[in-house]
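Taking it in order: structure first as structure tokens, then the write-up.
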Amino acid sequence: MKSVLEVVTKLGPARLAAMAAVTLTLIGFFAFVILRVSKPDMGVLFADLSMQDSSAVIRDLDARGIKYETKGDAGQTILAPRADLPRLRMDLAGKGLPSTAGVGYEIFDKGDAFSSTNFVQNVNHLRALEGELSRSIRAIGRVQAARVHLVMPERRLFERDRESPSAAIVLKLMGDLDPSQVRAIRHLAASAVEGLKPERVSIVDERGRLLADGARGAQAEAGIGLEEKQTGIERRLRSQVEEIVAGIVGQGRARIQVSAELDSNRIESRSETYDPESRVVRSSQTRSETSQTSAAEGATTVGNELPGADKGGAAAAPKDASNKNEETTNYEISRVTKTEVVEGGRIKRLSVAVAVDGAYVPGADGKPTYQPRPAAEMERIAALVRTAIGYDKVRGDQVEVVNLRFAETPVPPEFTEPSLVQSLLAPSKEEILRIVELTVLALLTIIVLLAVVKPLVRRILTPEVPQPQLVLAGSGMMSSEAEALVPRENKTAQLVDFAQLNGKIQAETVQRVVDMVRASPTETAEVLRNWIQDN
């Protein structure tokens, strides 16, 4: 302890204070740098949460001891360590968080069926059905969130005309839905609710756009179906033509547009055709009649009626006989009855426009030079396009294939996986921010070391060189010499004596300094260097 106290005493209070300041500064700065560098990478755990869900999620994270960050005025967005995001989402989903996802049939697992009224059971059943439909709709790729509102008319006794159910669906989308996807959502809801028809389902997105109108009639729905069919035909034909043309001229070297005109009329025709040459015996009937007649045998008189009179005296007249045969044959002529119904939506006419870019060949200077395509090649491309769309001249189809120079330079379609050097030269946004943060921390560390730590350490480590005690030596010399001097009353003599004494003191002081410099030249040079730097 004595040696430690001696070292502390030699250092002095100024150096001890400087050492303490340097130590605390270094500890605080490097602790900040270490915490900043070792801070976990944060990712979005949940976004667009309500205040209730946000508070519930934060309470669960606090109970787990997991670091998190919140953004937004009400904490709508919660950030958590990126490595723990999948596990946290699964655990919170098991606890029903966030609850805005909707409640399903599990609502009946918590209530008491015996104490609840019929009204409460009906409300819970409606809530469960809406929640299950929301979950099913969110399974579609571009649907981020969904809310379903069902209107189920109350069943009443002695009611003849019952109003059909209706539904309203609000979607939060990531992109746009195809007409087929909108139609699929309507049929999904209609199939899950008893008595609900697809045309009674209205769909609205988060921007207020009406994707499906449940108040339209059957004719309006038929018109929408015709437009969707036209769009589907145009898309299918365009993809077919593009696939063929791109295989010849290259990907991105052709622009194709297809216009399909559909006939919306519904035609119903009936016809009957008779063929007189093709006869078939349907029925045959034969009838025969035979009749005989004779003349009168004699006149009736009184004499003839008397007893014993001769009744056969007159000869009998000849008899008449007739035969009659009748034959009836019925023939059936072949008949063809034809009923033909042609629904609306058949193709009335097709118009296809194809613009093909030319070829690019290396020029004299090595740069690509535009070169038009030959007419024979363009004719072959046009023939392929006509075959692909099912060209019908009688129908009035039009196909135009033109060779034009595009405004942009062709880009090769090949895709090569970036190498390590390319990945380093083209980092992502997060990597750039991380590099900038580390660079700023490194610069701050260097600045602190050069501007603060180095001067303090150098001052602490610099040995304290004993300064020449000119005044003390001079004062000692003066005291010894003053004792030897005899006081004089003459002021002039006193001034001369003092001048002689001062000269001797200065000479002795210079000699002492020279001796000190010869004894310790290194410390002397360090003292002079410090004086020069201070000045």
Side-chain angles (χ1 to χ4, degrees), residues 140-142 175-184 211 221-269 340-364 366-417:
I140 300 176
R142 296 182 181 179
D176 293 330
L177 291 179
D178 297 333
S180 59
Q181 292 176 320
V182 175
R183 189 166 57 252
L211 304 180
E221 294 295 331
I224 295 176
L226 187 62
E227 294 178 359
E228 294 178 359
K229 185 177 181 180
Q230 178 181 355
T231 304
I233 291 174
E234 293 175 351
R235 185 185 299 111
R236 177 176 57 84
L237 293 177
R238 183 167 56 249
S239 62
Q240 292 177 356
V241 175
E242 186 175 2
E243 184 178 358
I244 292 177
V245 177
I248 299 173
V249 301
Q251 192 70 28
R253 306 286 295 280
R255 300 292 183 269
I256 301 166
Q257 291 295 331
V258 178
S259 176
E261 183 179 352
L262 303 183
D263 189 359
S264 60
N265 296 325
R266 184 178 183 271
I267 301 175
E268 183 177 354
S269 60
E340 183 178 1
V341 179
V342 180
E343 297 291 343
R346 61 188 178 277
I347 298 177
K348 188 176 181 180
R349 188 178 63 179
L350 289 176
S351 300
V352 181
V354 180
V356 180
D357 196 6
Y360 290 85
V361 296
K367 296 182 179 180
T369 305
Y370 176 78
Q371 182 178 357
R373 296 185 181 275
E377 182 180 359
M378 297 300 299
E379 183 60 31
R380 289 195 295 270
I381 294 175
L384 291 174
V385 172
R386 286 193 290 267
T387 305
I389 66 172
Y391 176 80
D392 189 355
K393 186 177 181 181
V394 179
R395 193 171 55 189
D397 295 346
Q398 293 182 354
V399 176
E400 292 290 338
V401 181
V402 183
N403 182 204
L404 296 173
R405 183 175 182 179
F406 289 178
E408 64 273 9
T409 304
V411 179
E414 294 82 6
F415 174 76
T416 57
E417 185 177 357

Check: Val341 and Ile267 side chains under 4.5 Å, non-hydrogen atoms: no

Distance, nearest 0.5 Å, that separates CG of Leu262 from NZ of Lys229: 7.0 Å

Sole candidate of Val401, Leu384, Val385 that passes side-chain contact (heavy atoms from CB on, under 4.5 Å) when paired with Val241: Val385

Side chain Gln230, main chain Ala260, donor-acceptor under 3.5 Å: yes

Ser351 side, atom OG; Asp397 side, atom CG - distance, nearest 0.5 Å: 7.5 Å

Atom pair CG/CG of Leu211 and Asp176 - distance to nearest 0.5 Å: 8.5 Å

Arg349 side chain vs Arg395 backbone, donor-acceptor pair below 3.5 Å: no

Side chain to side chain, Ile381 and Val245, heavy atoms closer than 4.5 Å: yes

Min side-chain heavy-atom separation Tyr391-Gln398 under 4.5 Å: no

Side chain to side chain, Gln240 and Leu237, heavy atoms closer than 4.5 Å: yes

Residue pair Gly252 / Arg255: nearest heavy atoms and the distance that separates them: O-NH1, 3.0 Å

CZ on Arg346 to CD on Glu261, rounded to 0.5 Å: 11.5 Å

Separation between CZ of Arg235 and CD of Glu242, rounded to the nearest 0.5 Å: 13.0 Å

Electrostatic pair Glu377-Arg373, nearest N-O below 4.0 angstrom: yes

Donor-acceptor contact below 3.5 Å, side chain Asp178 vs main chain Ser180: no

Of Val352, Val354, Val258, the residue whose pairing with Arg238 passes side-chain contact (heavy atoms from CB on, under 4.5 Å): Val258

Backbone of Val356 reached by a side-chain donor or acceptor of Asn403 within 3.5 Å: yes

Side chain to side chain contact (heavy atoms under 4.5 Å, CB included) between Tyr360 and Arg405, worked out: CA-CA 10 Å; Tyr360 290 85; Arg405 183 175 182 179; 3.9 Å; yes

Glu234 side chain to Thr231 backbone, donor-acceptor under 3.5 Å: no

Inter-residue atom distance Met378.CE - Ile248.CD1, 0.5 Å rounding: 10.0 Å

Note: Glu379-Arg386 ion pair, threshold 4.0 Å (strictly below): yes

Test side chain to side chain contact (heavy atoms under 4.5 Å, CB included) applied to Val249 and Asp357, step by step: CA-CA 8 Å; Val249 301; Asp357 196 6; over 6 Å; no

SB check Asp263 Lys348 (cutoff 4.0 Å): no

